[in-house]
Amino acid sequence: MKKLINDPGDVIGEALLGIEAAHPDLAVDHTTKVVYRADAPVSGKVALVSGGGSGHEPLHGGFVGPGMLDAACAGEIFTSPVPDQMLAATKAVDGGVGVLHIVKNYTGDVMNFEMAADLAAAETGVDVASVVIDDDVAVQDSLFTAGRRGVGTTVIAEKLAGAAAEQGRPLSDVADVVKAVNANGRSMGMALTSCTVPAAGQPTFELGDDEMEIGIGIHGEPGRKRVPLAAAREVAAMLVEPILEDLPFNRGDAVIAFVNGMGGTPLIELYLMYNEVARIMNGRGIEIARSLVGPYITSLEMAGCSVTVVKVSDDMLDLWDAPVNTPALRWGV
Amino acid sequence: MKKLINDPGDVIGEALLGIEAAHPDLAVDHTTKVVYRADAPVSGKVALVSGGGSGHEPLHGGFVGPGMLDAACAGEIFTSPVPDQMLAATKAVDGGVGVLHIVKNYTGDVMNFEMAADLAAAETGVDVASVVIDDDVAVQDSLFTAGRRGVGTTVIAEKLAGAAAEQGRPLSDVADVVKAVNANGRSMGMALTSCTVPAAGQPTFELGDDEMEIGIGIHGEPGRKRVPLAAAREVAAMLVEPILEDLPFNRGDAVIAFVNGMGGTPLIELYLMYNEVARIMNGRGIEIARSLVGPYITSLEMAGCSVTVVKVSDDMLDLWDAPVNTPALRWGV
Amino acid sequence: MSNAITLSALTAWVREFGALIDTHKDELTQLDSAIGDADHGINMDRGMAAVLAALDGEEFPSNAALFKKIGMTLVSSVGGASGPLYGTFFLRFGAACGDAAEVDPEGFAKAMRAGLDGVVARGKAEAGDKTMYDALAPAVDALDDAIASGSELRAALRAAAGAAESGRDATTPMLARKGRASYLGERSVGHQDPGATSAALLMRAAASALG
Amino acid sequence: MSNAITLSALTAWVREFGALIDTHKDELTQLDSAIGDADHGINMDRGMAAVLAALDGEEFPSNAALFKKIGMTLVSSVGGASGPLYGTFFLRFGAACGDAAEVDPEGFAKAMRAGLDGVVARGKAEAGDKTMYDALAPAVDALDDAIASGSELRAALRAAAGAAESGRDATTPMLARKGRASYLGERSVGHQDPGATSAALLMRAAASALG
Ligand SMILES: Nc1ncnc2c1ncn2[C@@H]1O[C@H](COP(=O)(O)OP(=O)(O)O)[C@@H](O)[C@H]1O
Ligand SMILES: Nc1ncnc2c1ncn2[C@@H]1O[C@H](COP(=O)(O)OP(=O)(O)O)[C@@H](O)[C@H]1O
Ligand SMILES: [Mg+2]
Ligand SMILES: [Mg+2]
Ligand SMILES: [Mg+2]
Ligand SMILES: [Mg+2]
């Protein structure tokens, strides 16, 4: 295992020390492993709490700050945080008008956030709402299964909800923004390599030199299918077409297009992929109103990418353009 | 070779198409492979031109925009651009008060920029100044050799010079800013893995599972020495100590500290490394006034990191804090 | 209550479970690599290490108090899917065991059933979904049957552990419908479920510590 | 001028160099992997392919015009260190060859010396720095000596090619002081220089196309 770490058991704690040292606008509670806006709670503003397993950086800690999250709970690598963390965060960020939990749809995340919300209801008077993101078209949706995973749409949802909260919208409206983004967002990912959970010490799966995985999530897990390595333009088609057909996205729709790196793929390849993605969308008459290219929701050092497309209204575009000041997304300020 | 590309020969052209599509504020000349501010030339402002081999993204194309570069010339992977590119860029961005070439100290880059400056002098009336960055302490400095490589300090120099140009400072003053950053900046890098030049098709060097390279540059080349894999805190010491001793940096100095990812190392490890770097600096009484953590000057998908430390004056801090609006660095706007 | 299970026997059970998790953690993580995210052994080991540390030196007045501590410690230290599921199992088990400091075999079987119901309430798994339920449910059924038909505790627990292991083995051909393995669709077939594997260890620990 | 070298012979030389670069490009890149950035073969091949394309179908009035085209094409298509260095070599070579459409052996030797001086002016390399200079310089010296002592062109070019190859081999034990290999310090010792290797191909091409 080749990683810039000390002890595999200390990775998250030490990375949080680094985040705190590098970003004076953030505060880190090292006992509960929660990253906060230094100025939390913001009175009169709906507060946003997210979190999940670590190993997806910058998600979620890198999205804490004005215009986005108020707190992010860091779980162990690829493991949902525990309810104590979400409960502590919920109490700390409540500005008097409620707290929204933004939860990615994984059994562990959903159950732990549920327990936290139960505890918050029992122990505090804080008004808590929860929204679950489940945008991964690689997974067959069904009432009888765990359903689709929450992946790239989470980034867009956190940005838009953060802006809505900053505008002073009430809890239910901010929750509706997340629901709207989720309803209109679809993603799909692929991997060229696996990744290694530090405590496991070896790659989660083995992949031949001429193979890739299509339909992966963000936890270094194998994907929906293993196929021969293909050119970027074919990879783009394998990711974009299922996305466009699923919602479906239609000619004339305005979208945010997001090409995400899984952690080990360099930016030059992500831009090359973005070119392929944009070409397909242009061919279908879909208008890319805004774009995002880079590693924003990663799977440790996995090489690969995911594509997220979110159909947007004018209100959603305004929320996207609104100022944001976080380590990983910053503009307008 | 596992990469998200089509033909190895088309990587740069297609990535430039993606950059252009993703960033409406940029314009790309696909014939000469130059990335421009869409609003270039900016009349009355000193223009900044940089460039170098591709494969270091976001450097340099991702640093084009208000407050930083006016143009970036993209060479082949790890190969200096040709004089025609710098000449075209120089002509296109001149706002009437001169053009500064920011050159990383590699034989190829220096010679090609020199030829471009000669051609500009012969063919145009444009006032061209050149500054060479040579900040890599892994390389023994000497009058009889090619000297030190230009690495991480380049990012800081381009930011500060961009701000100085935006303030309306004259060419010689903007050149002096780059010289001051270079004189006060030192870097050192390491690699956990090699990387693969697309046209070569195989890793530039082989590294055992329990080895790492110390003192690498940014071209996938082997480093100064190969040593056994070590913990992050030892790696930090191997990089930071030679840096601090070289300038030297002293108790009470204010610095910008920059932990850079080589392309394949995830952010969680870079923050962990930043924690180690900050710990060493704190122990020496050096004040980290500003910091930067992330993959900004990369070597394709190489895993590893580099550390850059620049001693800064108040003027330099003001220039750092000034607004910048580029794909890779953005604040204040 | 001649053949009552004492609080210290119950504690020994949990300690034995912790020891088995420790020995099998790499295997559990390995199984989770194939159809999950390569952390089930790591998760369970972190949780059970925390539980054993929490038990050390502390005296508990009752079954309920002991298992509340165990359940809350798992909830607070594991995360992921297995944290809330095992946490809920032990919380419900303890509540059903009651405020005494021992429990008779019938009470033990009832508490196991309550724990299982907690897992279902939390995770909504059904038989055949390829989860820990598929090892736990047959074990609880076997325990009930054995005790109802007058078996000794020792034999009943062995039957339960055997049923858990058969249930665990039966997960291999299943197509996962819950948990991360469900994302793999057809590719989940042919792999043993990690949570069913740890659940079988829980029953094996009962057989060896209480039997 | 009985034994003059014609423009078409000079063109054949450059074509032969291009062909040799094409055959050896992987080897050149391999050598550059060890002590550089794994692109020398790719660079030279891109450049020489551009040169051959530029020569195709075009007629040049003079040595100077032909080699200006070759030099400028290399400068504009190669980049890196080798682009300006080989580009300058051919530009200076052509200028020294003059405006005729042929050159005699003495003139050829003088033009080679001018090309070499151009490489030094551009790159500041000295003997023993472990660069293309270490193959080119002995070759130009050998050519001068042979021609001064009355050798035939054929023999003189063979001597030059041999000297280039010895010079190339002699770079292996050198500690690099110029170019990327210099960053490796002691680690550059024991590897043959890629630029010296391509320079030896240039001389070998001369021996086979002009000799
Ligand atoms: N809804 C559920 N109900 C019951 N058990 C479940 C459910 N979802 C997952 N599990 C169990 O949890 C196990 C995985 O646990 P673990 O790897 O620790 O958590 P995570 O999936 O969050 O990484 C699975 O093997 C399965 O047995
Ligand atoms: N200053 C110099 N003078 C002469 N030759 C040089 C000099 N620097 C480098 N070279 C030659 O250039 C070769 C490398 O060329 P190439 O790999 O194409 O360029 P780059 O080093 O820019 O990648 C070296 O092997 C060496 O022979
Ligand atoms: Mg997990
Ligand atoms: Mg090169
Ligand atoms: Mg798991
Ligand atoms: Mg090279």
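Every chain is numbered from 1 and lettered A, B, ... according to where its sequence line falls, protein lines coming before strand lines.
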Check: Shortest non-hydrogen contact from D:Gly36 to B:Thr204?
Finding: O-CG2, 4.5 Å
Next item on the list: Go through the atoms of B:Ile77 and report whether side chain, backbone, both or neither lie under 4.5 Å from a heavy atom of chain D.
Entry: backbone
Check: Can you tell me if CD on D:Glu59 sees more than 12 non-hydrogen neighbours from other groups inside 6.0 Å?
Finding: no
Check: How many angstroms lie between atom CD1 of D:Ile35 and atom CZ of B:Phe205, to the nearest 0.5 angstrom?
Finding: 14.5 Å
Check: What are the two closest heavy atoms between B:Arg224 and D:Ser182, and how far apart are they?
Finding: NH1-O, 4.3 Å
Next item on the list: Using the side-chain contact (heavy atoms from CB on, under 4.5 Å) rule, pick out the option among B:Ile216, B:Thr145, B:Val139 that qualifies with D:Tyr183.
Entry: B:Val139
Item checked: Contact origin within D:Leu184 toward chain B - heavy atom pairs under 4.5 Å -> both
Notebook entry, point to check: Would you say the side chain of D:Arg187 lies within less than 4.5 Å of the side chain of B:Arg226, judging by non-hydrogen atoms?
Noted result: yes
Check: Taking D:Gly83, D:Gly179, D:Ser188 one by one, which has the highest count of heavy-atom pairs under 4.5 Å against chain B?
Finding: D:Gly179
Next item on the list: Let me know if D:Thr88 has heavy atoms under 4.5 Å from chain B in its side chain, its backbone, both or neither.
Entry: side chain
Next item on the list: Please check if atom CD in B:Glu245 has more than 12 non-hydrogen atoms from other residues, nucleotides or ligands closer than 6.0 Å.
Entry: yes
Checklist line | Greatest number of heavy atom pairs closer than 4.5 Å to chain B - which of D:Val78, D:Thr29, D:Leu85, D:Val75 | finding: D:Val75
Checklist line | Residue pair B:Thr107 / D:Ala81: nearest heavy atoms and the distance that separates them | finding: CG2-CB, 4.1 Å
Notebook entry, point to check: Who among B:Gly220, B:Gly75, B:Gly223 has the most heavy-atom pairs with chain D under 4.5 Å?
Noted result: B:Gly223
Checklist line | Whether D:Asn43 side chain and B:Thr79 backbone form a donor-acceptor pair below 3.5 Å | finding: no
Margin query: Just so I understand: if I count every heavy-atom pair under 4.5 Å between each of D:Ser77, D:Gly80, D:Ser33 and chain B, which residue has the most?
Written below: D:Gly80
Next item on the list: Could you grab the distance from atom CZ of B:Phe78 to atom CG of D:Asp39, nearest 0.5 Å is fine?
Entry: 9.0 Å
Item checked: Over 12 foreign heavy atoms within 6.0 Å of CG, D:Asp99 -> no
Note to self: Report which part of B:Glu76 has an atom under 4.5 Å of a heavy atom belonging to chain D: side chain, backbone, both, or neither.
What the structure shows: side chain
Check: With chain B, which of D:Ser82, D:Ala38, D:Ala176 has the greatest number of heavy-atom pairs at distances under 4.5 Å?
Finding: D:Ala38
Checklist line | B:Glu206 portion near chain D, given a 4.5 angstrom heavy-atom threshold | finding: neither
Next item on the list: Report, as yes or no, whether the 6.0 Å neighbourhood of atom NZ on D:Lys110 holds more than 12 heavy atoms from other residues, nucleotides or ligands.
Entry: no
Check: Under 4.5 Å, heavy atom to heavy atom, which residues of residues 117-148 of chain D contact chain B?
Finding: D:Arg122, D:Gly123
Margin query: Just to be sure I understand the criterion: a residue of residues 81-89 of chain B counts if one of its heavy atoms is under 4.5 Å from a heavy atom of chain D. Which ones qualify?
Written below: B:Pro81, B:Val82, B:Pro83, B:Asp84
